[in-house]
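Every chain is numbered from 1 and lettered A, B, ... according to where its sequence line falls, protein lines coming before strand lines.
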Amino acid sequence: MNQKGDEVLETALRRGFIWPSFEIYGGAAGFYDYGPLGSALKNNIIAEWRRVFVVEEGCLEIDTPTVVPFEVLKASGHVDHFLDAMVECTRCKGAFKAVDLLKEQAGVDMEGKSVKEMSKAIRERGVRCPDCGGELGEVFEFNAMFKTAVGPGSKRQAFLRPETAQGIFVDFRRLYRHGRGKLPLGVVQIGRGYRNEISPRQGMIRLREFTMAEAEVFFDPKNPVHPGFERVASERLRLWLAKDQSAGSEQITEVTAADAVRQKLVCNQLMAYYLALTVQLLRRLGIPESAVRFREQLPGQRAHYSVETWDAEVHTQRYGWIEIAGFAYRTDYDLSRHMQHSGEDLTAFIEERKEKVVCHVVEPSFGIDRIFYCVLEHSLATEGKRKILKLKPYIAPIQAGVFPLVTKDGLPERARQIERELRTAGLRVEYDESGSIGRRYARADEVGVPFCVTVDHQTLEDNTVTIRDRDTAKQVRVSIENLAEVLKRLIEGTLSIESLGGQES
RNA sequence: GCGGCAGUAGUCUAGCCUGGUCUAGGACACCAGCCUGCCACGCUGGUGGCGCGGGUUCGAAUCCCGCCUGCCGCACCA
């Protein structure tokens, strides 16, 4: 294992970013708690996502239940694709879908039959392991969705949602009306999703309960364009094409978003648009474009609903390249299925052509927990013994520290006043007087506090304080009168320490 | 889920093989007091631990079993 990844997780655990869930009862794999700082950081990451997709893009945000009735997920295909009768080879331990083996080797269709019947059929028909020819064990049900029931008596079967998307699809009619028939129509949802992984590992990378931020962009299949495409047309995309993966090549094809569309490397302009937007979002979160690539999923890897999928991958030292977002071209799969199963009309009307169409969908779907890890890893810098979490100031859980230089002569009292004023001004600040001033700076650095305000004897004379910049340790002296405003501008990045005449300490 | 290794204060770790001398040692962190005019200063004091459960034994951090959790490989990851 590598040192950097360990340092990230150790720091995150020790300083209250993430904790193992249910720890005092021995814990549970695949679940994590966000501690006070982690919770704040996660919320700030979500706020940045929301700022892009809801504020700038104007997507409609909704919030739907995590408990989803059986019929909905039956229609979406999840029941059939997430519930499998599996069988394991007793010799090589390979796991296979029982239905597939029975079809291939015995020519019988056992779809929908019970586990017992399938086990019996495998024995009677002499179905063997396709890899090593070994004997197969008992068929067991593998359910990647958490099962539950609505109401007492288990009358109505339901599942915890494996994705938030279905809540959007089933609301399409109302959303389409709410959006007054305009296309493309973007709808987003941020919330928890659940997958009962067989054996989750890799900490927060594979969770059984996770937070996802998904957008479903509905569009006229004959017109897959985004009105704001020009804004991102020159953004460079690093693509790992399927053909290169198949050829065993790590070759990255770097093109602008406009060229990706022109050269037909991606299915349409909307897809390219959201890939470009993602580069910008990640950059804003502190993940440089050099650590981002888009991997085109090979046909066999795609979800049942997708005809083209790109994964946004971020490079990490601990886990290598990890998928942090998926971009699926779901076509009209979901709406069509829900039309069939519900009997409702979920079409859109295209005025120019006087034609009813089932909208197609491009789905950018982000794994917030994974992005959270990537942000931490890409932010943590080590300088000697010191750890500095160089979070972008606007996502830092604590925006400023307020310290009295020494704990006497009325400095703590004055510092407390300033803390109060900054809190009232809406800044997330922490007061600290314990230990030496250097220790307090170091403590603040480790949790990513971008600015520290120090109250010294001069403060008592002329009502000025110093602001110390985390990343450079430079300090500037500003009047308390302007402090909140200056801090706000430093945090949002419209003002730099240098422009204030920052001095090396 | 299978196989291998591991789990000691908040964090990292000594002790485990060869049971008692462990009332479990250390470092860092944390808290209190003193000190302190700017980058983890110093002094004094302090809080806090053997993953959980069972067994063997006069006696278990140490040996055995089960579970949980973590790491590595296989499988899975729609």
Peer 1: Could one point to a donor on the side chain of A:Y441 or the base of B:C38 with an acceptor on the other under 3.5 Å away?
Peer 2: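 Indeed there is one.
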
Peer 1: I'd like to know if the side chain of A:E313 reaches the main chain of A:F294, judged simply by a donor and an acceptor atom lying under 3.5 Å from each other, with no hydrogens or angles considered.
Peer 2: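 No, because the side chain of A:E313 does not come within donor-acceptor range (under 3.5 Å) of the backbone of A:F294.
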
Peer 1: Give the rounded distance in Å between these two atoms: OH of A:Y194 and C1' of B:C77.
Peer 2: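 Whole-Å distance recorded here is 19 Å.
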
Peer 1: Cut-off 3.5 Å, side chains only: do A:N482 and A:R489 have a donor facing an acceptor?
Peer 2: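 No, no side-chain donor-acceptor pair sits under 3.5 Å.
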
Peer 1: Should the side chain of A:R468 and the base of B:C39 be counted as holding a donor-acceptor pair, with the cut-off at 3.5 Å?
Peer 2: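 Pair found.
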
Peer 1: I'd like to know if A:S199 reaches the base of B:A75 with its side chain, counting only an N/O donor and acceptor under 3.5 Å.
Peer 2: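 Between B:A75 and A:S199, which were checked side chain against base, a qualifying N/O pair under 3.5 Å is present.
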
Peer 1: Can you measure A:R439 atom CZ to B:G42 atom C1' for me and round it to whole angstrom units?
Peer 2: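 After rounding, the reported distance stands at 11 Å.
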
Peer 1: Ignoring backbone atoms, test whether A:K408 places a side-chain nitrogen or oxygen under 4.0 Å from the OP1 or OP2 oxygen of B:G37.
Peer 2: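 Yes, within the criterion.
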
Peer 1: Can you tell me the pairing partner of B:U62 across any strand shown, Watson-Crick or G-U wobble, with both distances under 3.5 angstrom?
Peer 2: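 For B:U62, the partner nucleotide comes out as none, under the 3.5 Å rule.
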
Peer 1: Between A:D409 and A:R414, does any side-chain N to carboxylate O distance fall below 4.0 Å?
Peer 2: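 A:R414 and A:D409: not salt-bridged.
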
Peer 1: With rounding to the closest Å, how many angstrom separate the C1' atoms on B:U23 and B:G15?
Peer 2: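 Nearest-Å result for B:U23 against B:G15 at atom C1': 15 Å.
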
Peer 1: For B:A40 and A:S436 - does any side-chain N or O of the residue sit under 4.0 Å from the phosphate oxygens OP1/OP2?
Peer 2: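 Checking A:S436 against B:A40: no side-chain N or O falls below 4.0 Å of OP1 or OP2.
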
Peer 1: Counting distance alone, no hydrogens or angles: does the base of B:C38 have a donor or acceptor under 3.5 Å from a partner atom on the side chain of A:Q475?
Peer 2: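 Yes.
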
Peer 1: For A:Y305, answer base if it contacts any base atom (sugar-phosphate contacts may also be present), sugar-phosphate if it contacts only those atoms, and nothing otherwise; contact means non-hydrogen atoms under 4.0 Å.
Peer 2: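 Contact class for A:Y305: sugar-phosphate only.
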
Peer 1: Nearest-Å distance, CZ (A:R440) to P (B:U36)?
Peer 2: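 About 14 Å, once rounded to whole Å.
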
Peer 1: For B:A24 and B:A9, measure between their P atoms and round to the nearest Å.
Peer 2: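 Going atom to atom, P in each nucleotide, I get 14 Å.
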
Peer 1: Could you check whether A:L405 gets within reach of a base, just the sugar-phosphate, or nothing at all, counting any heavy atom under 4.0 Å?
Peer 2: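 Counting heavy atoms under 4.0 Å across all strands, the contact made by A:L405 includes a base.
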
Peer 1: Could you tell me whether A:R201 contacts a base, only the sugar-phosphate backbone, or nothing, with contacts defined as non-hydrogen atoms closer than 4.0 Å?
Peer 2: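 Result for A:R201 = base.
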
Peer 1: Taking 4.0 angstrom as the limit, do A:R470 and A:E446 come out as a salt bridge?
Peer 2: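 Salt bridge between A:R470 and A:E446, a charged N being under 4.0 Å from a carboxylate O: no.
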
Peer 1: Just to be sure I understand the rule, does A:R195 reach a base, reach only the sugar-phosphate, or reach nothing, if contact means heavy atoms closer than 4.0 Å?
Peer 2: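 Nothing, no heavy atom under 4.0 Å.
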
Peer 1: Searching all strands shown, indicate the nucleotide that pairs with B:U18 (Watson-Crick or G-U wobble; both distances under 3.5 Å).
Peer 2: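 Paired with B:U18, as far as the under-3.5 Å criterion goes, is no nucleotide at all.
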
Peer 1: Just how far, in rounded Å, is C1' of B:C71 from CD of A:E10?
Peer 2: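 These atoms are roughly 16 Å apart.
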
Peer 1: Quick one: is the NZ or CZ of A:R195 closer than 6.0 Å to the six-membered ring centre of A:F210, and within 45° of its axis?
Peer 2: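 No, A:R195 does not sit over the ring of A:F210.
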
Peer 1: Searching all strands shown, indicate the nucleotide that pairs with B:C50 (Watson-Crick or G-U wobble; both distances under 3.5 Å).
Peer 2: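 B:C50 is unpaired by these criteria.
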
Peer 1: Measure distances between side-chain N and O atoms of A:R206 and base N and O atoms of B:C76, and say whether any donor-acceptor pair falls under 3.5 Å.
Peer 2: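 Donor-acceptor pair under 3.5 Å: yes.
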
Peer 1: How would you label the contact of A:S306 with the nucleic acid (heavy atoms, under 4.0 Å): base, sugar-phosphate, or nothing?
Peer 2: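 Nothing, no heavy atom under 4.0 Å.
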
Peer 1: Taking any strand in view, what nucleotide pairs with B:G33 in a Watson-Crick or G-U wobble way, both distances under 3.5 Å?
Peer 2: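 Looking at the geometry, B:G33 pairs with B:C43.
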
Peer 1: Checking A:Q245 against A:R295: is there a side-chain donor and acceptor pair closer than 3.5 Å?
Peer 2: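 A donor-acceptor contact under 3.5 Å links the two side chains.
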
Peer 1: Taking the same atom, P, in B:C16 and in B:G70, what whole-Å distance lies between them?
Peer 2: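 These two P atoms come out 28 Å apart once rounded.
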
Peer 1: Applying the Watson-Crick and G-U wobble criteria at under 3.5 Å, what pairs with B:G7? Answer none if nothing qualifies.
Peer 2: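 Partner of B:G7: B:C68.
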
Peer 1: Select base, sugar-phosphate, or nothing to describe what A:H304 touches, counting heavy atoms under 4.0 Å on all strands.
Peer 2: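 Here A:H304 touches the backbone only, sparing every base.
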
Peer 1: With both distances kept under 3.5 Å, what pairs with B:C74, Watson-Crick or G-U wobble?
Peer 2: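 B:G1 - that is the nucleotide pairing with B:C74, both distances being under 3.5 Å.
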
Peer 1: Looking at A:E383 and A:K390, is any side-chain nitrogen of the basic one under 4.0 Å from a carboxylate oxygen of the acidic one?
Peer 2: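 Answer for the salt bridge query: yes.
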
Peer 1: Looking at every strand, decide which applies to A:A442 at a 4.0 Å heavy-atom threshold: base, sugar-phosphate, or nothing.
Peer 2: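 Base, at least one base atom sits under 4.0 Å.
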
Peer 1: With RNA chain B as reference, determine whether A:I198 or A:A28 sits nearer its 5' end, using the nearest nucleotide of each.
Peer 2: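 Checking each residue's closest nucleotide, the 5'-ward one belongs to A:A28.
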
Peer 1: If I pick the C1' atom on B:C76 and the same atom on B:C2, what distance separates them, to the nearest angstrom?
Peer 2: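 It comes out at 12 Å once rounded to the nearest Å.
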
Peer 1: Checking contacts here: which listed nucleotide (B:C38, B:A40, B:G10) is nearest the side-chain heavy atoms of A:R14?
Peer 2: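 Of the options given, the side chain of A:R14 lies nearest B:G10.
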
Peer 1: For a quick check, tell me whether the side chain of A:R386 and the base of B:C39 share a donor-acceptor pair closer than 3.5 Å.
Peer 2: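 Such a pair is found, so the answer is yes.
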
Peer 1: In whole Å, what is the span from the CD1 atom of A:I24 to the P atom of B:G10?
Peer 2: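 That distance rounds to 13 Å.
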
Peer 1: Decide yes or no, distance alone: a donor-acceptor N/O pair under 3.5 angstrom between the base of B:C39 and the side-chain of A:D445.
Peer 2: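 It does not, because no donor-acceptor pair links the side chain of A:D445 to the base of B:C39 below 3.5 Å.
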
Peer 1: Tell me what A:T11 touches on the nucleic acid: a base, only sugar-phosphate, or nothing, going by heavy atoms under 4.0 Å.
Peer 2: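 Answer is nothing: A:T11 stays at 4.0 Å or more from every strand.
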
